Amino acid sequence: MISSLVDDVLRRLRSNPGAMCALAVTLGIVALTLFGPWFNPNGSQALDWSHVASQPGLQNAHWFGTDRLGRDLFARTLEGARVSLAVGLVASSVSLLVGIAYGAIAGYIGGNTDHVMMRIIEILSGLPLIFFVIFLTVIFGRSVYLLFLSIGAVGWLTMARIVRGQTLSVRQKEFIEAAVASGAGTVRIIVKHVIPNVMGPVIVYATLTVPQIIMFESFLSFLGLGIQEPHASLGTLIAAGAGEMEAAPWILLVPGGLLAVLLLALNVFGDGLRDALDVKER
Amino acid sequence: MLPTLRVENLNVNFTQRAAAIAAVRQVSLSVWPGECVGVVGESGSGKTQVFMAVMGLLAGNAAVDGSVRFGEEEILGLDRERLNSIRGSKLTMIFQDPMTSLTPHLKVGEQLAEVLVCHAGMSWSAARDAARRMLERVRVPEAQRRMNQYPHELSGGLRQRVMIGMSLLCDPALVVADEPTTALDVTVQAQIIELLRAVRAEVGMSLVLISHDLAVVAGLADRILVMYAGRVVESASAAGLFRQARHPYTAELLKCIPSLSGPRLERLPTLRGQPPRAGDELVGCAFAARCPRVAERCRVERPLLRDGGEGAAMACHYPLP
Amino acid sequence: MLRYFLTRLAGAVPTVFVIVTITFFLIRAAPGGPFDQEQTLPPEIMANLQSAYGLDQPIWTQYGRYLGALARGDFGPSFKYKDFSVTELIGQGFPVTLELGTLAMALALILGVPIGTFAALRHNSAADYLTMSVAVVGIAIPSFVVLPFLGLLFGIYLHWLPVAGWEPASIKHLLLPVAALALPPLSVIARLVRGSMLEVLRSNYIRTAVAKGLPRRTLLLRHALRPALLPVASYLPPAVASIMTGSLVVESIAGLPGIGRYMVQGALNRDYTLVLGMVIIYSTLLILMGLIVDLLYAWLDPRVRLQ
């Protein structure tokens with residue numbers, strides 16, 4: 001029964017050209033970040049003093065040109081995209097785990113616990129959480145691991161809300177009653193019965209969380225609070241490019257364009273998945 | 001004399017997933033000035049859709065053909081502006097669910113007055129005055145206070161009174177009431193029917209009363225149309241119909257009305273089986289599968305609506321005598 | 001109504017107090033201090049500086065002093081911008097940030113609502129698909145990518161507008177930053193309004209309004225718009241938060257003298273008072289926004305009761 005459901009979703013997804021296109025673009029970018037460097041002789045840190053801020057072209061295989069220090073933009077953009085994607089995936093997983101646990105507990109236990117837990121989410125989501133992330137990075141110093149954690153900690157709010165809503169409706173079902181009647185503990189019921197039954201919307205929102213988190217990471221890096229030189233993420237590259245906009249627009253256009261396309265593709269795919277799974281917002 | 005409303009060969013089809021579903025098939029009917037016509041049928045019989053088509057309220061995926069004349073004017077396919085000058089003023093409708101049929105964020109008075117501002121070109125203050133007087137006419141207590149309340153502050157019965165008052169503001173020639181009592185408590189139902197009777201005596205407009213319940217229609221209607229699977233299957237004066245139904249379906253419906261004077265029944269009889277679904281392709285009589293009088297001919301040949309004498313008509317090969 | 005407003009406003013004071021307290025101790029817990037970059041200073045002068053700003057006092061005393069000053073409306077001196085008080089810094093920059101944010105929010109609402117309504121009225125048409133596709137782009141692409149792109153197009157290639165910089169009362173300099181800042185909330189609002197409008201247009205009371213023969217304008221503006229705006233109202237606080245966040249980068253890219261830069265710089269420099277001042281300003285704004293949303297809700301749907 002589950003497999004026929006999956007087949008059904010995949011069929012609907014395949015009949016959505018926009019979503020399939022977005023998926024292809026996303027996979028293409030992932031493949032490019034992984035295998036692209038094999039085809040280009042330039043390293044992402046190597047300085048080519050004979051080609052400083054040179055235009056995109058074929059000289060020295062600087063296909064996308066170089067930046068002010070003569071570093072190859074193709075290599076750097078791919079490195080940046082790799083970092084951005086990694087942060088996106090890891091931080092999404094963090095937010096996924098936190099969100100599922102929080103939402104399932106709130107929804108399953110219900111009553112006052114639920115009330116208080118949801119109130120906390122309400123307050124948190126009203127705040128500009130970027131400020132907390134800024135604080136965290138300032139206090140604990142800038143490290144990639146902290147970045148993963150702090151961004152993931154910010155992204156779980158929506159997920160928790162959705163899981164809670166789903167849990168509330170699943171809780172009414174007979175099989176939960178049967179599990180309670182057979183003496184299963186709360187934790188066991190949540191893990192074995194509740195969570196597997198709320199996965200549809202969770203998958204959709206996980207897909208939509210990844211681009212949000214990539215955007216967030218780029219934002220922090222843009223502000224100088226994320227990935228530090230000489231490493232690059234798309235955010236730091238865009239920040240550097242924005243400063244050179246007039247003289248060397250390609251330094252902005254290459255990473256900016258890639259980020260735009262990546263985020264767009266992820267969003268369109270997420271929307272397509274949502275339509276295919278027929279998930280209602282809230 | 002010209003009928004207030006004349007519907008001829010009306011068809012309504014809904015397109016759903018590239019398939020056309022017939023909701024109304026070749027319906028013709030007339031409503032004469034001052035007359036009350038009851039339209040009866042199970043849900044899905046197309047009774048509401050006929051009048052949605054008349055009012056121009058069908059969903060975007062509906063296709064309509066046929067003719068609807070309101071007085072002298074053909075109103076089917078009329079442009080929106082002209083149609084808007086008729087509906088809401090001379091041709092009005094009361095809906096089933098008064099709980100959701102009023103705009104929640106507008107005060108009752110405003111919702112009434114805007115009809116007069118829009119159709120009669122009154123000023124807001126004059127329209128409010130007239131609206132208040134109308135609320136008094138439809139027996140809304142404390143009309144002045146109700147004017148400044150929101151719909152959710154009124155009971156279901158009061159809201160339906162407001163809806164009725166709203167339909168009468170511009171002296172309509174025809175009011176269509178679609179299941180006006182279905183969503184209400186039994187005691188309130190009786191009050192609303194009583195109000196409709198009183199208003200009709202007072203105003204003298206034509207009234208179409210749509211209901212799934214013959215008992216509701218019984219007390220008000222001069223003439224009753226019975227619809228089944230998108231078609232009119234019987235048409236007769238109310239008195240004639242209750243004396244002797246000719247179509248077996250009507251007879252079955254009549255059996256379902258509990259009677260105070262009749263013998264006590266252990267169980268209320270209900271109609272067995274299900275009506276055909278709107279999408280089904282029908283050969284023969286649509287009622288054949290549920291009909292106690294069914295014969296071979298019924299399954300292959302669709303009975304046409306034919307004269308039964310005394311202004312009655314039925315669509316049955318083997319009508320009751 | 002007024003009483004409700006004042007009660008709620010008074011209720012916000014403890015919230016701000018808690019936020020101030022948490023921020024105060026959080027930033028003190030961070031390693032380093034405001035004068036770290038001035039290590040060349042001899043120890044005596046350093047000590048003088050510390051005592052001039054009261055940093056040699058026990059932290060509870062500092063906390064008490066800060067709250068005392070705050071109660072008098074004094075945000076204290078800035079540790080980094082030594083000639084300025086935090087009140088002066090914020091007083092100079094805040095109008096610019098406020099103008100930027102208000103214009104962006106206004107643009108998002110003024111364009112987003114009609115666009116969403118338009119798409120709903122043309123449901124499943126090419127125009128609907130087109131506007132919703134553009135909305136996805138607007139949601140997906142962050143303002144710090146949009147603004148440089150806009151600058152490149154309208155500033156450097158077309159020479160229509162200045163790429164960066166600021167002049168008082170010059171709308172030209174604000175146009176691109178406002179557009180970049182408004183695009184994401186505009187897209188979200190358009191999507192929200194489209195969805196809710198579709199639902200409202202299918203509702204029974206709209207059917208009643210159509211049956212009343214009301215002109216289309218009245219139908220939309222008087223009967224459909226307000227309920228369709230409910231989800232927009234609940235989106236307002238996150239929208240303001242997102243505009244605040246966005247203004248951090250947009251101001252820096254466009255070279256606007258707002259207060260956005262103080263947040264990150266203040267935190268990095270351990271400019272304690274400046275950071276606290278910023279946190280107070282932003283949290284007050286957000287609390288105020290929440291209050292406005294509650295009032296808006298009560299207006300949009302009278303079934304919601306204020307207590």
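Letters go in sequence order (proteins before strands), and every chain restarts at 1. In this text the structure is predicted, and so the values were computed from the model without any measurement.
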Quick one: pull up OG1 in T100(B) and CD1 in I206(C) and give me the separation to the nearest 0.5 Å. 11.5 Å

Heavy-atom closest pair, residues G213(C) and C118(B): O-SG, 3.7 Å

Quick one: CZ on F95(B) to OG1 on T208(C), what's the gap to the nearest 0.5 Å? 5.0 Å

If the test is side-chain contact (heavy atoms from CB on, under 4.5 Å), which one of L112(B), T92(B), N84(B), V115(B) qualifies with K212(C)? V115(B)

Kindly check if the number of other-residue, nucleotide or ligand heavy atoms within 6.0 Å of CD (E74(B)) is above 12? yes

Straight-line distance of L230(C) CG to H105(B) NE2, nearest 0.5 Å: 9.5 Å

Partner residues of E35(B) under the salt bridge (charged side-chain N to carboxylate O under 4.0 Å, His left out) criterion, sequence neighbours left out: R223(B)

May I ask you to test the Y150(B)-P302(C) pair for a side-chain heavy-atom distance under 4.5 Å? yes

Between R222(C) and chain B, with a heavy-atom cut-off of 4.5 Å, which part of the residue counts as in contact: side chain, backbone, both or neither? both

With a 4.5 angstrom heavy-atom cut-off, is it the side chain or the backbone of A209(C) that approaches chain B, or both, or neither? neither

In terms of heavy-atom contacts, does CD of E73(B) have more than 12 from other residues, nucleotides or ligands at under 6.0 Å? yes

Does a sphere of radius 6.0 Å around CZ in R80(B) hold more than 12 heavy atoms from other residues, nucleotides or ligands, not counting ones at 6.0 Å or beyond? no

Side chain, backbone, both or neither: which part of L57(B) has a heavy atom under 4.5 Å from chain C? side chain

In Å and rounded to the nearest 0.5 Å, what is the CD to NE2 distance from Q111(B) to H223(C)? 6.0 Å

Segment of T218(C) engaging chain B (4.5 angstrom heavy-atom cut-off): side chain

What distance separates D97(B) CG from R207(C) CZ, expressed to the nearest 0.5 Å? 8.5 Å

Step by step, would you call N204(C) with M99(B) a side chain to side chain contact (heavy atoms under 4.5 Å, CB included)? CA-CA 9 Å; N204(C) 282 347; M99(B) 307 315 244; over 6 Å; no

